Peer 1: 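Starting off with a structure, shown below.
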Amino acid sequence: MRINLSERDLTEPTIIKGDSFLLLKGIPNQSIDLILTSPPYFGQRQIKEGPFAKAGTISDYLRLLKRLGKEFKRILKPTGSLWLNIGDSYRDSSLLLIPSRVAIMLEEELGFILRNDVIWEKRSFLSPSIKNRTSSSYEHFFHFVLGKGYYANKTIGTREVETTLDNGRVVSKTGVTGEDYKRKIELSNLNKEEKESALLSLEEELAKVKNGEISDFRMLLRGGNSILHSQRAKELMEMGFAFIEASSRERVSDIWNIGVSKEKEHDSPFPKELLTYPILSSCPKQGIVLDPFLGSGTTAIACIELKRKCLGFEIDSNYYELAKRRIKEKQN
Ligand SMILES: C[S@@+](CC[C@H](N)C(=O)[O-])C[C@H]1O[C@@H](n2cnc3c(N)ncnc32)[C@H](O)[C@@H]1O
């Protein structure tokens with residue numbers, strides 16, 4: 001079945017019931033901006049239909065992921081991204097490291113570039129009854145691209161660094177208050193004038209942290225640093241001190257603490273919040289998002305909210321109906 005995207009009205013999510021391995025073949029080359037998905041996990045017994053129902057060994061599973069990876073590579077635009085969430089599983093008490101195996105295969109065998117391994121920390125995950133190991137409380141969310149020119153909305157993913165005050169003293173993000181540096185200046189081999197100038201500049205630097213101009217800084221003192229920072233060498237030699245400043249905005253980290261979804265009719269739904277950053281940062285406004293394992297339809301719902309076009313596939317009739325219902329409810 002050929003899926004002609006230009007003829008399709010994608011102003012609302014298009015969802016198709018069927019097997020992704022077949023449906024993906026109908027998508028034209030280089031037509032998708034973002035593939036955002038979570039395929040069935042290895043050993044997931046609930047899967048009754050399609051190729052994953054028969055993947056009994058790790059090699060079978062990796063072969064299927066490789067087939068998918070090849071199709072993903074073909075249909076993604078050169079600027080596109082693949083955000084892939086995969087859970088791990090145990091067999092004979094041993095953790096199988098399935099996500100890592102898949103990521104290495106996609107990198108080494110298919111040439112994907114892995115930009116990030118985001119850890120999704122599932123805030124409200126309940127510990128299993130197992131008592132002789134730690135509970136499993138995270139999953140991997142990999143961000144792959146095909147080349148250096150991938151689309152990235154650089155305004156997404158930074159946030160203002162908050163300055164804290166401790167008894168009226170300004171404290172930088174890494175706990176710098178200036179006290180240590182004052183001591184170091186006193187003990188340094190700088191001459192009297194240089195020390196006065198260093199103390200004055202340190203106060204100015206702390207004021208910059210306080211008023212939000214910078215979030216943090218390091219102070220270098222002549223003779224006090226084993227590695228002489230080349231770009232600062234001249235300043236250090238001439239003045240006796242120098243500063244390295246950190247911007248007042250910091251990037252969102254790669255550990256995301258997001259609670260599991262409250263949707264009860266699917267066994268492994270995405271929480272919607274997990275999709276905000278991937279969609280906003282990796283899909284341009286007029287772009288198309290594809291989730292070939294749509295499940296309860298969360299990707300489509302996030303796309304409605306964030307105003308992106310969405311195409312989704314789901315093999316299971318009940319989940320397909322659930323996704324349709326949730327999308328309709330969202331649109332009303
Ligand atoms: C891990 S779940 C994805 C859940 C989804 N992210 C959500 O928010 O609900 C994987 C889904 O893939 C579906 N599935 C399994 N094999 C499939 C196939 N060959 N083609 C399409 N969907 C498939 C399963 O029925 C299941 O709903």
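Read the numbers this way: they start at 1 and go in the same order the structure lists the ligands and their atoms. Here the structure is a predicted model, which is why all the values come from computation and not from measurement. When a residue number appears, it is its place in the shown sequence, counting from 1.
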Peer 1: Would Phe52 and Tyr61 count as a close aromatic pair, with their ring centres under 6.0 Å?
Peer 2: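 Close enough - the centres of the two rings lie under 6.0 Å apart.
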Peer 1: With the criterion set at N/O pairs under 3.5 Å, what does the list of contacts between the protein and ligand 1 look like, atom names and distances included?
Peer 2:
{"residue": "ligand 1", "atom": "8 (O)", "partner": "Phe270", "partner atom": "N", "Å": "2.9"}
{"residue": "ligand 1", "atom": "8 (O)", "partner": "Thr298", "partner atom": "OG1", "Å": "2.7"}
{"residue": "ligand 1", "atom": "9 (O)", "partner": "Ser296", "partner atom": "N", "Å": "2.8"}
{"residue": "ligand 1", "atom": "9 (O)", "partner": "Ser296", "partner atom": "OG", "Å": "2.6"}
{"residue": "ligand 1", "atom": "19 (N)", "partner": "Asp19", "partner atom": "OD1", "Å": "2.8"}
{"residue": "ligand 1", "atom": "20 (N)", "partner": "Ser20", "partner atom": "N", "Å": "2.9"}
{"residue": "ligand 1", "atom": "22 (N)", "partner": "Ile315", "partner atom": "N", "Å": "3.2"}
{"residue": "ligand 1", "atom": "25 (O)", "partner": "Glu314", "partner atom": "OE2", "Å": "2.6"}
{"residue": "ligand 1", "atom": "27 (O)", "partner": "His266", "partner atom": "NE2", "Å": "2.8"}
{"residue": "ligand 1", "atom": "27 (O)", "partner": "Glu314", "partner atom": "OE1", "Å": "2.9"}
{"residue": "ligand 1", "atom": "27 (O)", "partner": "Glu314", "partner atom": "OE2", "Å": "3.3"}

Peer 1: For Phe142, what residues pass the ring pair (Phe, Tyr, Trp, His ring centres under 6.0 Å) criterion, not counting sequence neighbours?
Peer 2: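 In terms of ring pair (Phe, Tyr, Trp, His ring centres under 6.0 Å), with neighbours along the sequence ignored, Phe142 is linked to His140, Phe144.
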Peer 1: Output the distance between atom NZ (Lys309) and atom CG (Asp33), rounded to the nearest 0.5 Å.
Peer 2: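 Between atom NZ of Lys309 and atom CG of Asp33 there are 9.0 Å.
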Peer 1: Partners of Lys330 by salt bridge (Lys or Arg N to Asp or Glu O under 4.0 Å), sequence neighbours excluded?
Peer 2: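 For Lys330, the residues satisfying salt bridge (Lys or Arg N to Asp or Glu O under 4.0 Å) (neighbours in sequence not counted) are Glu305.
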Peer 1: Would you verify whether the NZ or CZ of Arg91 falls within 45 degrees of the ring axis of Phe42 while also being under 6.0 Å from that six-membered ring's centre?
Peer 2: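 No; the conditions do not both hold, so Arg91 does not lie above the ring face of Phe42.
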Peer 1: Mind checking salt bridge (Lys or Arg N to Asp or Glu O under 4.0 Å) for Glu108 and listing every partner two or more places apart, or none if nothing turns up?
Peer 2: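 Scan of Glu108 (salt bridge (Lys or Arg N to Asp or Glu O under 4.0 Å), adjacent residues dropped) gives none.
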